[in-house]
Amino acid sequence: QVQLVESGGGLVQAGDSLRLSCTTSGRTFSIFAVAWFRQAPGKEREFVAARSENPLSGTAYYGESAKGRFTVSRGNTKTTIDLEMNNLKPEDTAVYYCATSPVTWGQRPVLANEFPYWGQGTQVTVSS
């Protein structure tokens, strides 16, 4: 089994920055993707950004809402993936989830149903 825990959410003002972290534990995969999704009230879960990782390297890819403002990167440990969010807007307000899945190198899953393992989410609220 795989466990994921998100941290770093909170209440910020428009234009501020915030860093979320996703820490994984339990079963590991040699090639995998870790993704960030978000879900605002009354809306569907939306792909934000992800990293695909293999034992030697990794690559990031982004949803449209994240391009130019968000950066997904490895954290301080091998089991952490961070999401740096800059110039936050009120429309970024949502619960942010991280998810992971084993993949074949080159795959870039972006749909929620492509990820079998999920964290509980962390709330990000951006005030205007």
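Just so you know, residue 1 is the first one in the sequence shown, and it goes up from there.
Distance check, rounded to the nearest 0.5 Å: CZ of Phe70 to CG of Leu18 gives 9.5 Å. A distance of 7.0 Å separates CD in Gln123 from OG1 in Thr93, rounded to the nearest 0.5 Å. Interatomic distance, CH2 of Trp36 versus CG of Leu20, reported as 4.5 Å (0.5 Å rounding). Rounding to the nearest 0.5 Å gives a distance of 13.0 Å between CZ of Arg38 and CZ of Arg45. Asn86 contributes atom CG, which lies 9.0 Å from atom CZ of Arg19 (distance to the nearest 0.5 angstrom). Distance check: Asn54 CG to Trp105 CH2 gives 4.5 Å after rounding to the nearest 0.5 Å.
Ring centers of Phe115 and Phe47: at least 6.0 Å apart, outside the cut-off.
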- request: Apply side-chain contact (heavy atoms from CB on, under 4.5 Å) to the pair Ile81 and Val72, showing each step before the final yes or no.
  value: CA-CA 7 Å; Ile81 298 291; Val72 61; 3.6 Å; yes

Residues Phe29, Tyr117; criterion side-chain contact (heavy atoms from CB on, under 4.5 Å); working and verdict
CA-CA 12 Å; Phe29 308 104; Tyr117 306 106; 3.8 Å; yes

* **Residue pair Val110, Tyr61: steps toward the side-chain contact (heavy atoms from CB on, under 4.5 Å) verdict** => CA-CA 9 Å; Val110 298; Tyr61 53 103; 3.7 Å; yes

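Pairing each heavy atom of Thr100 with each of Ala33, the nearest pair is OG1-O, 2.9 Å. Annotation for Ala14 and Pro90: closest pair CB-CD, 4.2 Å, computed over non-hydrogen atoms. Among all heavy-atom pairs drawn from Ala66 and Val48, the shortest one is CB-O, 3.3 Å. Among all heavy-atom pairs drawn from Lys43 and Gln39, the shortest one is O-NE2, 3.1 Å. Of all the heavy atoms in Cys22 and Val34, the pair that sits closest is SG-CG1, 4.2 Å. Ile31 and Pro55 get closest at one heavy-atom pair: CG1-CD, 4.4 Å.
In this structure, a donor-acceptor pair under 3.5 Å is absent between the side chains of Ser73 and Thr71.
Without hydrogens or angle criteria, Glu6 side chain to Gly121 main chain gives a donor-acceptor distance under 3.5 Å. Of the possible donor and acceptor atoms, none in the side chain of Ser52 sits under 3.5 Å from a partner among the backbone N and O of Gly58. With hydrogens and angles ignored, the 3.5 Å screen pairs no side-chain donor or acceptor of Tyr62 with any backbone N or O of Arg69.
By the rule that hydrophobic residues join a cluster once side-chain heavy atoms approach within less than 4.5 Å of another member, Val2 and Val103 end up as members of separate clusters. Residues Leu111 and Phe32 fall into different hydrophobic clusters, defined by Ile, Leu, Val, Met, Phe, Trp and Tyr side chains chained together at heavy-atom separations under 4.5 Å.
Considering only heavy atoms from C-beta on, Glu114 stays 4.5 Å or farther from Gln107 through its side chain.
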